[in-house]
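Below is one structure; the comments refer to it alone.
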Amino acid sequence: MTAHGADVQDGDGQAEADSRTDSKQSPAIEVPAARERARAIPEAAVARLAVYLRALSALAEQNVGTVSSDELAVAAGVNSAKLRKDLSYIGSYGTRGVGYEVAVLIGQIERTLGLTRKHSVAVVGIGNLGHALANYGGFPGRGFPVSALFDLDPDLVGVPVGGIPVSHIDEIVEVCADREVTIGVIATPVQGAQEVCDRLVAGGVTCILNFAPVVLQVPEDVEVRKVDLAVEMQILSFHVARRQQEAAAEAGRSDVDGADIGPPGGGDRVSGEVESADRMVERL
């Protein structure tokens, strides 16, 4: 058995030898092994693990005890071979003829994603986006309760949003340290994003989700995930253009130039929409 699941069998199965080996390992051996497996997981597979967890949680709410790889793959929108390989990264294999135990697999994925530890979220910038994030009810249910909100606007400071009073950004360091915030969400204009980031880091925040269209400078031990809406639109535009190319090729059109293919309105319109998205983000 390898970290990349090279020995994964077709269908849901795990060799008895693997099972016997795992059962004999002591906790002292299992913990480092789990850490090594976690380091070996590709970024794309981590994202899919989160999707599997969402699908499994829905099954658990329906009191489903076991699920086959094919059923889980359909629920997650991937092929079953990819799903089995992804789950092999965390050392999880189903039982032939039975599948995966939903509760057990949920626990394995949660441990891998670090969801067994306590998290606390702070949102900085209570504009349209920040306000929506602060009110999103899905965060607490998935282990990410929002415990702090910050903004510069004196009309917002002290006003409860989602049941939490908004604090001034000058209080970021003190409040984040006091409330043990682990994840900071930056939904500010570009101009203040780096300063906000610095304050979050000074307050002990080690994970940052950045919606501001700017590259943040952080220490090596701080993780940053950037969500750029304009980039996402450009990616969608690419997929639309590719599908139009494929459709044109199937129709036998030889006069189609890939560079000219795009959403209705042409490339100028796409560029205009991307620029508008940038301006929209900066206003949030």
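None of these values were measured; they are calculated from a predicted model. Sequential numbering from 1 along the given sequence is applied to the chain's residues.
Interatomic distance, Ile235 CD1 to Met233 CE, rounded to the nearest 0.5 Å: 12.0 Å. In this structure, CD1 on Ile183 lies 11.5 Å from CD on Glu223, to the nearest 0.5 angstrom.
Heavy atoms only, all atoms of each residue included: Tyr52 and Leu72 are closest at O-CD1, 4.3 Å. When all heavy atoms of Ile126 and Asp151 are compared, the closest pair comes out as N-OD2, 2.6 Å. Shown here for Ala148 and Val175, the closest heavy-atom pair between the two residues is CB-CG1, 3.9 Å. When every heavy atom of Ile186 is checked against every heavy atom of Ala193, the shortest pair comes out as CD1-O, 4.0 Å. Between Val121 and Val185 the shortest heavy-atom distance is CG1-CG2, 3.8 Å. Residue Gln217 comes nearest to Cys197 through the heavy atom pair O-SG, 4.3 Å, listed as atom of the first residue, atom of the second, then distance.
For the ring pair (Phe, Tyr, Trp, His ring centres under 6.0 Å) test, no residue two or more places apart in sequence or in another chain qualifies with Phe238. Residues that satisfy the side-chain hydrogen bond (donor to acceptor under 3.5 Å, both in side chains) test with Asp153, not counting sequence neighbours, are absent from this structure. Residues passing the side-chain hydrogen bond (donor to acceptor under 3.5 Å, both in side chains) test with Glu232, sequence neighbours excluded: none. Partners of Glu43 under the salt bridge (Lys or Arg N to Asp or Glu O under 4.0 Å) rule, at least two apart in sequence or in another chain, are Arg225. Residues passing the ring pair (Phe, Tyr, Trp, His ring centres under 6.0 Å) test with His119, sequence neighbours excluded: Phe144. Listed by chain and number, the residues in a side-chain hydrogen bond (donor to acceptor under 3.5 Å, both in side chains) with Ser167 amount to none (sequence neighbours excluded). In this structure Glu101 satisfies the side-chain hydrogen bond (donor to acceptor under 3.5 Å, both in side chains) test with no other residue, sequence neighbours excluded.
In this structure, Thr112 contributes its side chain and Gln108 its backbone to a donor-acceptor pair below 3.5 Å. The closest donor-acceptor contact from the side chain of Glu71 to the backbone of Ser68 lies under 3.5 Å.
Hydrophobic clustering (ILVMFWY, side-chain heavy atoms < 4.5 Å, transitive): Val102 and Val51 are in distinct clusters. Cluster membership check: Val190 shares its hydrophobic cluster with Leu216, using side-chain heavy-atom separations under 4.5 Å among Ile, Leu, Val, Met, Phe, Trp and Tyr. At a threshold of 4.5 Å between side-chain heavy atoms, the hydrophobic network of Ile, Leu, Val, Met, Phe, Trp and Tyr places Val159 and Val124 in two separate groups. Cluster annotation: Val218 and Val173 are assigned to distinct hydrophobic clusters (Ile/Leu/Val/Met/Phe/Trp/Tyr, side-chain heavy-atom contacts under 4.5 Å, transitive). Side-chain heavy atoms closer than 4.5 Å link hydrophobic residues (I, L, V, M, F, W, Y) into clusters, and following such links, even through other members, never connects Ile90 to Val104.
The salt bridge (charged side-chain N to carboxylate O under 4.0 Å, His left out) contacts involving residues 160-176 comprise Asp170-Arg199, where partners must be two or more places apart or lie in separate chains. Applying the salt bridge (charged side-chain N to carboxylate O under 4.0 Å, His left out) definition to pairs two or more places apart or across chains, those involving residues 47-59 are Arg48-Asp86.
When each of Ile169, Val157, Val166, Thr188 is paired with Phe150, the side-chain contact (heavy atoms from CB on, under 4.5 Å) condition holds for Ile169 and for no other. Screening Leu56, Thr66, Leu59, Leu87 against Tyr100 for a side-chain contact (heavy atoms from CB on, under 4.5 Å) leaves a single residue, Leu87.
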Listing, residues 74-81 side-chain donor-acceptor contacts under 3.5 Å, not counting sequence neighbours, or none:
residue : atom : partner : partner atom : Å
Asn79   : OD1  : Ala81   : N            : 3.2
Asn79   : OD1  : Lys82   : N            : 2.7
Ser80   : OG   : Asp70   : OD1          : 3.1

Solution key, residues 131-141 side-chain donor-acceptor pairs under 3.5 Å, sequence neighbours excluded:
residue : atom : partner : partner atom : Å
His131  : ND1  : Asn135  : ND2          : 3.1
Asn135  : OD1  : Gly162  : N            : 3.4
Asn135  : ND2  : His131  : O            : 3.0

Throw together a table of side-chain donor-acceptor distances under 3.5 angstrom for residues 201-215, partners on residues two or more places apart or in other chains.
residue : atom : partner : partner atom : Å
Asn210  : OD1  : Ala212  : N            : 2.9
Asn210  : ND2  : Ala212  : O            : 3.1
Asn210  : ND2  : Val214  : O            : 3.0

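Inspection of the Ser147 and Arg179 side chains reveals no N or O donor paired with an N or O acceptor under 3.5 Å.
Contact check for Leu49 versus Leu53: no side-chain heavy atoms found under the 4.5 Å cut-off.
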